[in-house]
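We name chains A, B, ... by the order of the sequence lines, and we start the count at 1 in each one. Side chains are part of it too, since the values below use all heavy atoms of this structure and drop only hydrogens, waters and symmetry mates.
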Amino acid sequence: MEITSYWATFQNNFAALDLNTGHSGKYIPPHLRNRPQTQQQPNQYKANNAHDVREPYRGRNSGSRNFEQRGNFSGGYADRGGFGSANSQRSGRKPNSDNAYGRGGNSYSRGKEFERESNWRDGRQDLEGEYRGYRNNGGRYDDGDWTQPLAKNDALERSLFGSGHTGINFDKYEDIPVEATGLQCPQHIECFDEVELTEIIRNNIELARYTRPTPVQKYAIPIVSFKRDLMACAQTGSGKTAAFLVPILNQIFENGPPKNMPPVRPGGRIKQYPLALVLAPTRELAVQIYEEACKFAYRSRVRPCVVYGGADPVQQMKDLDKGCHLLVATPGRLLDMTDRGKIGLEMVKFLVLDEADRMLDMGFEPQISRIVMENNMPPVGDRQTLMFSATFPKKVQELARRFLDNYIFLAVGRVGSTSENITQKIVWVDEIDKRSFLLDLLNGAELKGGVAAADSLTLVFVETKKGADALETFLYREGYPVTSIHGDRSQREREDALQSFRSGVTPILVATAVAARGLDIPNVKHVINFDLPTDIEEYVHRIGRTGRVGNLGLATSFYNEKNRNMAVDLLELVSETNQDVPEWLSNIAKEVQNEQRSANQRKFGSSGRKYGSGGFGSRDYRQFDRGNQRSSNTANNGRVPNGHSYGANNFSYNSQPSTAYVGYRSYGGNYNTGPDWFGS
DNA sequence: AAAAAAC
């Protein structure tokens, strides 16, 4: 019965989708169209075992297998009890076990499988190889003047820069407050012309249509160029990727190939020594940063690479062998590569932690410490370390300090997240009503029926991977063009899902926390917190997927009694950003606060809130937390602030660097009044 | 408690 009705729905949907995409017969996702026929052979997707079934979009490709693949119905439909064995197809799996590999017995096909996994980037990589004729010459970097641009390549240029639309609403940027604190903070710039950039970088900035520096760029570019360490609190979409890539690559171009490269072939193996290392907490984010790096490295002798899990290590190693000066990586795969002797970190002069608060949390910090401390990376002070995140709780700042040397703290006003250009709505929705309410929201957006709406995307966050599967299945059965992304899907599925969402083929994406951070997707009009996260930082990151770079956005959050622990922070955030505050939320927050107060009084005899993470963005805790004065001084080891020579860089400024803790602009008034406890 | 991240 159920199966029959499912089939009816499925076939209807299939037909509808087919109509909408203008294809007859099998539905082919856009990124696979116009490819060599071998890409689309059905048996390409045939699995070696049931767990290995992978498809471009779950449930769109073919008949019965499709149905089996989508078999996880019971998760969201408690009353149906599941479809027996089909259920084990997805939900019975251990976390992360359905990556493309990791199980024995099918190694023969791995190469092929992986090749497909990263298909959508291969085109450009081929172009790049052809264009440069770049070969690493056995691990030795190219000679020649690194400041001089190589020849143009129209095909590569188109593939890198595309339409070139940045999506940045530059006019909205003018009033964004920025505050820089730290000793002898370099003066910020107002336009790219104020810094001497190499011709290559200037050209690429132009190609990328970055007409004016964004606020984070205005501050970060001179700070990085002055060889200072940096902790920057800025949203994705504020232009932060370029804010570190531009000055880093520019310095690399200026410095040219390093003269003291380690031996070329230790153990007979080609080993690469990147000059810059960028670490990111999710694979998709790593890819995104890599693509940006390819833009700014265009026509240069500098070759960016990316390594991350879930994709073929052999392919990645082959790519590394062609040369790697700037490496973007997720931590696990990077350690894999260093263990294998494919990557040496001895020459890393620039270390970037993107989404640093995540990188330094409990799950990641041990790996980061291993990378930074146990792999011969130049120590603090001999390298430049830059950290970026939308939120910097005090705890993270304390932890981060051991990776940093006399750093500048940059607080960029929240361009596109919690500020007024995102309308935040908190709605009380009981657990049982969530789906129905979600349908109402989606109907309002007129997305039903597979109408591709690339300029109006809806991102739905849930708390668990199982929940993501269940909700996607539900929406799909209801006829919505939906896909999903979470850590239990294969890398192939994840990348396809993202691509399908970005392009508007499936303008609804159900996602777990994997998509909360850093992903820069233009045109996300609506973020829906189907499940609220459990901490306010995560909330800030999530809603930051919309209202990007000065454009308008909407964030709707379903709240119910399960989210009681969020009431206080949520209220604070929502009222601070001039949003409508539901009365019930104020009441709950008051209740919770009273409970906490009395509990604290019993425990400590005082009420107290953790400083620094109570808000959302963050402030430089050094300025507020006088208890850390001593240890901070120790951390700086009595070093004269900025022990590097100012004269060594290629930047000219309108004015000299300021000499003390300075907030260029102030948020609230009490930023600049603190004592200069560095005692300079 | 869950999610992410190597195999």
Side-chain angles (χ1 to χ4, degrees), chain A residues 51-52 75 91 93-107 110 113-114 117 278-289 306-317 320 327-343 353-372 374-375 389 431 460-471 484-491 493-495 498 510-519 529-535 537-539 541-542 562-566:
Chain A
H51 291 283
D52 229 11
S91 59
R93 237 169 262 171
K94 274 195 235 158
N96 297 327
S97 65
D98 72 340
N99 285 338
Y101 55 103
R103 288 173 298 280
N106 59 351
S107 58
R110 282 181 187 175
E113 294 279 330
F114 289 129
E117 293 239 341
V278 183
L279 295 173
T282 68
R283 298 162 181 176
E284 287 76 14
L285 184 54
V287 169
Q288 182 180 295
I289 297 166
V306 63
V307 297
Y308 55 90
D312 182 10
V314 175
Q315 285 299 117
Q316 290 179 356
M317 286 189 284
L320 289 174
L327 181 62
V328 188
T330 50
R333 180 55 64 89
L334 174 63
L335 283 169
D336 187 23
M337 291 296 183
T338 55
D339 290 349
R340 289 170 190 250
K342 292 302 293 184
I343 291 288
L353 299 189
D354 206 359
E355 304 302 326
D357 63 338
R358 170 63 82 243
M359 301 302 278
L360 296 173
D361 81 5
M362 275 187 1
F364 272 116
E365 192 274 340
Q367 293 178 72
I368 302 302
S369 291
R370 257 199 74 195
I371 291 167
V372 177
E374 295 172 27
N375 277 284
S389 179
E431 218 49 43
V460 185
F461 280 108
V462 294
E463 199 52 15
T464 65
K465 292 181 276 202
K466 214 175 139 188
D469 277 342
L471 189 61
S484 71
I485 186 168
H486 63 70
D488 266 3
R489 301 198 71 188
S490 73
Q491 195 53 31
E493 287 173 328
R494 285 167 58 160
E495 288 176 4
L498 205 53
V510 179
T512 61
V514 71
R517 282 163 187 271
L519 290 187
N529 281 312
F530 188 85
D531 302 318
L532 268 169
T534 49
D535 62 88
E537 280 83 19
E538 177 76 11
Y539 175 87
H541 282 280
R542 282 187 186 182
K562 283 170 73 179
N563 310 113
R564 198 174 164 80
N565 59 341
M566 283 284 285

For a quick check, tell me whether the side chain of A/T534 and the base of B/dA1 share a donor-acceptor pair closer than 3.5 Å. yes

Output the rounded distance in Å from [atom1] ([X]) to [atom2] ([N]).
X      : N     : atom1 : atom2 : result
A/D361 : B/dA3 : CG    : P     : 14 Å
A/M359 : B/dA5 : CE    : P     : 11 Å
A/Q491 : B/dA4 : CD    : P     : 11 Å
A/D339 : B/dA6 : CG    : C1'   : 9 Å
A/Y539 : B/dA3 : OH    : P     : 21 Å
A/N375 : B/dA6 : CG    : P     : 15 Å
A/D535 : B/dA1 : CG    : P     : 16 Å
A/L279 : B/dA4 : CG    : C1'   : 14 Å

Out of [options], which has the shortest distance to the side chain of [X]?
X      : options             : answer
A/K465 : B/dA5, B/dA3, B/dA6 : B/dA3
A/T464 : B/dA2, B/dA5, B/dA6 : B/dA2
A/R283 : B/dA6, B/dA4, B/dA2 : B/dA6
A/T512 : B/dA2, B/dA4, B/dA5 : B/dA4

Taking for A/R370 and for A/M362 the nucleotide of DNA chain B with the nearest heavy atom, the one nearer the 5' end belongs to A/M362

**OP:** Could you check if a side-chain atom of A/R340 sits within less than 4.5 angstrom of a side-chain atom of A/P313, using non-hydrogen atoms only?
**Re:** yes

Under a 4.5 Å cut-off applied to non-hydrogen side-chain atoms, are A/Q367 and A/L335 in contact?
-> yes

Contact class for A/E538 (heavy atom, under 4.0 Å): base, sugar-phosphate, or nothing?
nothing

For A/D469 and A/K466, what are the C-alpha separation, side-chain angles and deciding distance, and is it a salt bridge (Lys or Arg N to Asp or Glu O under 4.0 Å)? CA-CA 5 Å; A/D469 277 342; A/K466 214 175 139 188; over 6 Å; no

- How about A/S484 and A/R489: does a side-chain donor come under 3.5 Å of a side-chain acceptor? yes

Next on the checklist: If the threshold is 4.0 Å, N to carboxylate O, is there a salt bridge linking A/E463 and A/R542?
Outcome noted: yes

